[in-house]
Amino acid sequence: MVNNTVSVMALKVYNTMSGTKETFTPLQEGQVKMYACGVTVYDHCHIGHARSGIVFDTVYRYLMSKDYDVTYVKNFTDIDDKIIRRSQQEKIPWQEVGRKYIESFYEDMDALNITRATYEPKATDHIDDMIGVVNTLLEKGHAYIVEGDVYFSVESYKGYGQLSKRTLEEMMAGARIDVDEKKKNPLDFVLWKASKEGEPSWETPFGSGRPGWHIECSAMSTRYLGNPFDIHGGGKDLVFPHHENERAQTEAATGKIFVNYWIHNGFVNIDREKMSKSIGNTLAIKTFLKEYHPEVLRLFFLTTHYRSPVDYSEKSIEDADSVLHRLYYTRDRALETQKGKVISPARHADTDELERKFYEAMDDDFNTALALSYVYELSKNLNKMIDDKDASALGLIAYANDTLNNLSGTLGLLKDNLASLEGRERIHHLNRIGLDISFVENAIAERVEARKNKNYQRSDEIRNMLLEKGIALLDTPKGTEWRIKHSTT
RNA sequence: GGCGGCAUCGCCAAGUGGUAAGGCAACGGUCUGCAAAACCGUUAUUCUCCGGUUCAAAUCCGGAUGCCGCCUCCA
C-alpha cells in the first residue's frame, strides 16, 4: 500500500561488465532471475561470507519490494579440493564434510535473517548437467583432453578477459601463472579433473573424474535460470578467474549471452588488514553472534556501499550497535503512544517525502548508506512528534512508525524487538564474564532498597561495581533496568 | 611486473559539474538524588597535494604522494 508508485522509478545497477551504472531492465518484464555464488562447504562461514550473503539478500529483498517476481539461485560447492583435504584431516567421508558445513551455513545465515534463495542446489546433485556442458564444449572444439583432464581453451573464445578487463596478452605478461606443459595456453583452465586414487569420481564419456570449480556454476545457473539470465553476483575476488571462466564456458557452449548484469561486493578487512586464513584473522559468524545481535552486523554492512571495502573494527560495531538500539527504542516509544487506543494511520507528507528519498537512494545502485540516513531522519521526526505529546498527531505517529517498519524491513532490519535485542545481549554478556543473573538481580534489589532509604552512597557503590562488570543501570519510571555496556572507546 | 580501485570533520560514511547528507564521539540543554538511557540542539567556507578545463569542481582532465584489491584457493 505504501509503495505502489515506487516501482515505476528506474533501478540502476553498477555492472562490472561495463564498469558503469546501467538502468536495470530485466529480460522479462516483472521477472528477475539472479544467481549468487554461494560457499564451498569445508569450514564455518566468516563475516566475509556474511557480507556477501547480506548484500545479495538486500538486492533480493529490494527487488521483491519493487514487486518483481524473483527467482534466486544460490549454490553450494560440495565437491572440491579443499573438501577432500578436509575429509582427510577430519577423517570423515567427504560427503560428511559437505553435510556438516551446509548445516553450519544454514545456522549462520538463518540467524542473520538472510532469506533463503528460491533454489539452493548442491554441485554434486548436478554432475550430469556439468558433464553435459563439458561434452558440448568438447564437441564444439572449445575444450581438449590431456591425460584425462579436460581443459577449456581460452583462445577459442574471443570474449575472454572482457569481464575482468584484461587481455590474454596482459595476463600472460603477468606471468604469475605456473606454466603447465600439458596446457595449450597457460591460462586454459580445467573443466574436468581426472581423479586420483581414493578421490570421489564420476563416470563420463571422457573418462572418470570430478568437476572443476567453474563448471558447476555454469551448469547450475543454466539449469535453473536458462540463458541468458539477469543478475549474477558474488564477491569481488570471484571476478577473476571464476566468473570470467564461467562466462567463457557458458557462452562458448550455448552461443548465447550468459548474464546481463554482473554485481560484485567488496571485501571485509579487519582492523585495516585483509581477512584471510593465512593471517589468521578470520572472524567466524558464530563468534560474532556470541557477542552481538545479528542485525548489528547487517546494519554495519549496510552503512557502507556494497562495492566498497569495509573495515571491521570494534568501534564500528559499537557504533552500529548504538544506532540499532536507538531505532528499536524509537519504535517502542511510538508503539507506546498507541497503547490501548484505536488509531488509524494518517498520511503525512514529510514521511512520504522521506520514503520517496529512501527508494530513490536504493534505486541508485542500492545506496543503503544514503537510504539509512533517511530512516534515521524518520526516526528523529518520530521522536519529535512523540515529544510534542499532541494527541492529534497520534495518526501521524502511527503512519511514520509504519513507514519506519516498512523501510527498515526492506533492509532486513527491525525484525526483532527491543526486549529480545537486549535480552540476548545480557545472556551472552553474563556467560562471558561468568556471572549468574541472580547476582545482578540481588545487587539491583539492594540498591533499590538503599535508594528508598536515600542511602545514595551505597546506591552509587553498587552501580559502579556493576558498571565495572560492563553492566549499566538505568533508573526508569518503570523501575531499575540494566543493559550491557560494551567497551567505552 | 601487468590491470583496477580508493583518498571527504577525532572516527565511520554519502555525495560524479551548481556551491559539503547521515551516524558515532564530543559539547550544551531537558530528564534525574546524582547518573545512565532517551530526546532536543551545536560541531567541515571545505573535500591528500600541485596544476588545468569551466560562469561554476569534492565531483572532469594531467601530474605527485599515500593506501588497497586482483593477476594463485578465496565472499
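Reminder, nothing fancy here: chain letters follow the sequence lines and each chain counts from 1.
- A donor atom on one side chain and an acceptor atom on the other are not found under 3.5 Å apart for A:E422 and A:Y329.
- The same atom, C1', is picked in B:A35 and in B:G66; the two are 45 Å apart, to the nearest Å.
- A:T351 and A:L378 make their closest contact through CG2-CD1, 3.8 Å (heavy atoms, listed as atom of the first residue, atom of the second, distance).
- With B:A14, B:A75, B:A38 as the candidates, the nucleotide lying closest to the side chain of A:H49 is B:A75.
- Separation of the P atoms belonging to B:A25 and B:C67 is 31 Å when rounded to the nearest angstrom.
- Both the sub-6.0 Å distance and the 45° axial angle are satisfied by A:R166 relative to the ring of A:F240.
- Counting atom types as modelled, A:R307 pairs no side-chain N or O with a base atom of B:G5 as donor and acceptor under 3.5 Å.
- The side chain of A:R447 lies closest to B:C34, out of B:C34, B:C70, B:A14.
- Distance noted for atom C1' between B:A14 and B:U53: 27 Å (whole Å).
- Note on A:Y374: nothing from the nucleic acid sits closer than 4.0 angstrom, heavy atoms only.
- At a cut-off of 3.5 angstrom, the base of B:C34 holds at least one donor-acceptor pair with the side chain of A:D475.
- For B:A64 and B:C55, the C1' atoms lie 29 Å apart once the distance is rounded to whole Å.
- Contacts of A:H44 classified as ring pair (Phe, Tyr, Trp, His ring centres under 6.0 Å), with partners at least two apart in sequence or in another chain: A:Y101.
- Counting non-hydrogen atoms under 4.0 angstrom, A:K454 reaches nothing in the nucleic acid.
- As a whole-Å value, the separation of A:Q162 CD from B:G4 P is 15 Å.
- Residue A:T167 is out of contact with every strand shown, counting any heavy-atom pair closer than 4.0 Å.
- The strand RNA chain B forms stems, runs of 3 or more Watson-Crick or G-U wobble pairs with distances below 3.5 Å, at B:1-7 with B:65-71, B:10-12 with B:22-24, B:26-30 with B:38-42, B:48-52 with B:60-64.
- Scanning residues 231-242 of chain A for heavy-atom distances under 4.0 Å to RNA chain B yields A:G234, A:G235, A:D237, A:L238, A:F240.
- A donor and an acceptor atom never sit less than 3.5 Å apart when one is taken from the side chain of A:R85 and the other from the base of B:C73.
- The shortest heavy-atom contact between A:Q338 and A:A398 is NE2-CA, 3.5 Å.
- Applying the salt bridge (Lys or Arg N to Asp or Glu O under 4.0 Å) test to pairs two or more places apart or on separate chains, those with a residue in residues 40-63 of chain A are A:D43-A:R86, A:D43-A:K277, A:D57-A:R61, A:D57-A:R298.
- Checking A:N245 against A:Y160 by side-chain atom types alone, a donor-acceptor pair falls below 3.5 Å.
- Atom-to-atom, CZ of A:F105 to P of B:A75 comes out at 11 Å; the value is rounded to the nearest Å.
- Checking B:A75, B:A38, B:A36 against the side-chain heavy atoms of A:A472 singles out B:A36 as nearest.
- For the P atoms, the distance linking B:G52 with B:U16 amounts to 26 Å, nearest Å.
- Nearest nucleotide to the A:K485 side chain, out of B:A75, B:A14, B:A37: B:A37.
- For the C1' atoms, the distance from B:G62 to B:U54 is 16 Å, rounded to whole Å.
- Looking at heavy-atom distances under 4.0 Å, A:D460 makes contact with a base.
- The side chain of A:T40 lies closest to B:A75, out of B:C71, B:G69, B:A75.
- In this structure, A:H232 and A:Y35 have tilted ring planes: the angle between them lies in the 30° to 60° band.
- Residue side chain A:N269 does not reach the base of B:G69 through any donor-acceptor N/O pair under 3.5 Å, judged by distance alone.
- Of the two residues contacting RNA chain B, namely A:Y456 and A:D311, the nearest-nucleotide position lying further toward the 5' end is that of A:D311.
- Here the straight-line distance linking atom NE2 of A:H243 with atom CZ of A:F258 works out to 8.0 Å at 0.5 Å rounding.
- Heavy-atom minimum distance, A:P200 versus A:S195: O-CB, 3.6 Å.
- Among the atoms of the strands shown, none is found under 4.0 Å from any heavy atom of A:M385.
- Between the P atom of B:C24 and the NZ atom of A:K380 lies a distance of 9 Å, rounded to the nearest Å.
- Listed candidates were B:A14, B:C70, B:C24. Nearest to the side chain of A:L370 is B:A14.
- Taking atom C1' in both B:U42 and B:C6, one finds a spacing of 32 Å when rounded to whole Å.
- Look at the C1' atom in both B:U46 and B:U19: the space between them is 11 Å, to the nearest Å.
- Summarising the geometry, the separation between CG on A:L474 and P on B:A36 is reported as 10 Å, rounded to the nearest angstrom.
- When distances are taken from the side chain of A:R333 to each of B:C40, B:G15, B:C39, the shortest belongs to B:C39.
- Evaluation of the salt bridge (Lys or Arg N to Asp or Glu O under 4.0 Å) test over residues 455-473 of chain A, restricted to residues two or more places apart or in two chains, returns A:E446-A:R458, A:R458-A:E461, A:D460-A:R463.
- Atom P of nucleotide B:C3 and atom CD of A:E244 are separated by 16 Å, given to the nearest angstrom.
- With hydrogens and angles ignored, a donor-acceptor pair under 3.5 angstrom links the side chain of A:R463 to the base of B:A35.
- Each of B:G23, B:A75, B:G2 was ranked by its minimum atom distance to the side chain of A:E170; first place goes to B:G2.
- Distance, A:H305 NE2 to B:G22 C1': 16 Å, rounded to whole Å.
- Nearest heavy-atom pair, A:N281 versus A:I270, reported as atom, atom and distance to 0.1 Å: O-CD1, 3.1 Å.
- Distance from the side chain of A:Y329 is smallest to B:A38 among B:A38, B:G33, B:A21.
- Counting atom types as modelled, A:S308 pairs no side-chain N or O with a base atom of B:G5 as donor and acceptor under 3.5 Å.
- Note on A:R458: nothing from the nucleic acid sits closer than 4.0 angstrom, heavy atoms only.
- Heavy-atom distances to RNA chain B give each of A:H325 and A:P309 a nearest nucleotide, and the one nearer the 5′ end belongs to A:P309.
- Rounded to a whole Å, the CZ atom of A:R326 is 7 Å from the P atom of B:G23.
- Across B:A37, B:A75, B:G41, the shortest atom-to-atom separation from the side chain of A:K384 is found for B:G41.
- Counting any heavy atom pair closer than 4.0 Å across all strands shown, A:N383 reaches sugar-phosphate atoms only and no base atom.
- One interatomic measurement links the two molecules: CG of A:D387 to C1' of B:G29, which rounds to 13 Å at whole-angstrom precision.
- Sorted pairs that involve residues 366-389 of chain A and meet ring pair (Phe, Tyr, Trp, His ring centres under 6.0 Å), not counting sequence neighbours, are lacking altogether.
- Taking the six-membered ring where tryptophan is involved, the planes of A:F24 and A:Y261 are tilted, since the angle between them lies from 30° to 60°.
- Within the 4.0 angstrom heavy-atom criterion, no nucleotide atom of any strand lies near A:G19.
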